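Let me begin by presenting the structure, written as structure tokens, before commenting on it.
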Amino acid sequence: MNTNRKKGMFLCFMGILIMLHACGEKNTSKDTQEVLTLQKAFSNDFLIGVAINRQLIEERDSLGVQLLIKEFNAISPENEMKWMNIHPQPDSFYFDISDKYVALGENNDMFTLGHTLVWHSQLADYMAQTTDSTLMADYLKDHINTIVNRYKGKIDAWDVVNEALNEDGTLRESVFLKVLGEDYIETAFQLAASADPDVKLLYNDYNLCNPEKREGVVRLVKRLQEKGIKIDGVGMQGHWGLTQPSLAEIEKSIKAYSDLGVKVSITELDITVLPNPWDLEGAEVSQNFENSEKMNPYPDELPDSVKIQLAQRYKDIFKIFLKHKDNMDRVTFWGINDGNTWLNNWPIRGRSNYPLLFDREYLPKKAYDSVLALKAN
Ligand code: XIL
């Protein structure tokens, strides 16, 4: 063998050794490095939840299911437990989908929400049309007893009453208020508490950072507490924008509710990035407007500048949640990804919105990284 050939073989041998070593190192670091996910990152702080739609409940959205199991430890049913779906006729309940929803939560050991027992929207027609107070009281009792009992020990918390307040903090003129009078809220909480004494009971609403509405919730909670009626938490829906509500008002509300001795949950978090020329705030589902190019500025992709703004906004609000983690039970996103957000169709149908942490391909966005970065180190 000539010297050159010997040299060549030696170099080749050394090259292989170096490669093997590098591979070994890579494997070791991969084995020991824990993959951070939302639920792991915030495991000592609060639950990280998500609202799931029917495709997810029936496990027809396989990418969605993978993401759900990996990132989240709490679920809310986006529509399937609302009155019109679960109790469509006075004498008939429809439990097929809600049973599957509850089984999904049980099988994956997730905190499982019930949403919602008493709400003026997505109500069954017979309820909306009832004018007789005795009849309505019977319907309400049957509704709450039957559903809460069925899922006793399986549903961990109920949004007992949803959106009972006006923006000025007075009681909304809903069919419940008109026919049953203002005691309907107490009745609903009492019925739920006696059907399942261990389940957590929440009042849930939007625009809860608006000072007048905040005071309305404080009065509502105090009234229940003074009467000895169980209420465990306030759910701030969190249908927010890039600048509204202000961080200061978010913090004031978390404090105001915590001061009452109840836990705060963010129950329906999403941050719209689309124009809203009517200064519309909140989540009144009956509002709907015309679509146009001006109202749908990002049909294909969100510009980088807005991605960065969204990431910063999520970071800012999660900082506040972390600051108040001792008084917070949960932060739930209203949808698994941007392709499955109700904000693509509300308050204008057919727009492309980008309000969540995962994009239409189910991949994490800048906003996801900015939230996780708060816990990385
Ligand atoms: C929304 C759902 O996401 C939509 O799919 C449905 O068409 C309308 O309701 N406040 C609530 C939620 O409490 O139940 C609403 O969910 C959003 C506003």
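Note that the structure is a prediction, hence the values are computed from the model and not measured. Note that ligands are numbered from 1 as they come in the structure, with each ligand's atoms numbered from 1 the same way.
- Each of the atoms 11 (C), 12 (C), 13 (O), 14 (O) of ligand 1 lies under 4.0 Å from some heavy atom of H115.
- Contact between N79 and N85 at its shortest, heavy atoms only, is O-ND2, 2.7 Å.
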Exercise answer: donor-acceptor pairs, residues 295-311 side-chain atoms, under 3.5 Å, sequence neighbours excluded:
from	atom 1	to	atom 2	distance (Å)
N296	OD1	S352	N	3.0
E301	OE2	K307	NZ	3.0

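- Salt bridge R223/E186: present, at least one basic N to carboxylate O contact under 4.0 Å.
- Residue T116 does not touch ligand 1, judged by heavy-atom distances below 4.0 Å.
- Between I336 and Y362, the shortest heavy-atom contact is CG2-CE2, 4.3 Å.
- Considering both main-chain and side-chain atoms, W342 never comes within under 3.5 Å of ligand 1 through any nitrogen or oxygen pair.
- Contacts of W119 with ligand 1, taken as heavy-atom pairs under 4.0 Å, involve the side chain alone.
- Residue contacts with ligand 1: Y206 is excluded, as none of its non-hydrogen atoms falls under 4.0 Å.
- With a 4.0 Å cut-off on non-hydrogen atoms, W346 does not touch ligand 1 at all.
- Under a 4.0 Å criterion applied to the non-hydrogen atoms of K82, ligand 1 contributes the atoms 1 (C), 2 (C), 9 (O), 12 (C), 14 (O), 15 (C), 16 (O).
- The pair K100-E80 does not count as a salt bridge, with every side-chain nitrogen at least 4.0 angstrom from each carboxylate oxygen.
- Less than 4.0 angstrom separates some heavy atom of E268 from each of these atoms of ligand 1: 10 (N), 11 (C), 12 (C), 13 (O), 17 (C), 18 (C).
- What you find for D329 and S265 is that their closest heavy atoms are CB-OG, 3.6 Å.
- Interface atoms of ligand 1 facing E78, defined by a heavy-atom separation under 4.0 Å, are 2 (C), 3 (O), 4 (C), 5 (O).
- Sparse packing is recorded around CZ of R349, with 12 or fewer heavy atoms of other residues, nucleotides or ligands lying under 6.0 Å away.
- For F72, the ring-ring contact (aromatic ring centres under 6.0 Å, His included) test picks out no residue, with sequence neighbours left out.
- In N53, neither the side chain nor the backbone holds a heavy atom less than 4.0 Å from any atom of ligand 1.
- Taking only nitrogen or oxygen atoms, main chain and side chain alike, N204 does not reach within less than 3.5 Å of ligand 1.
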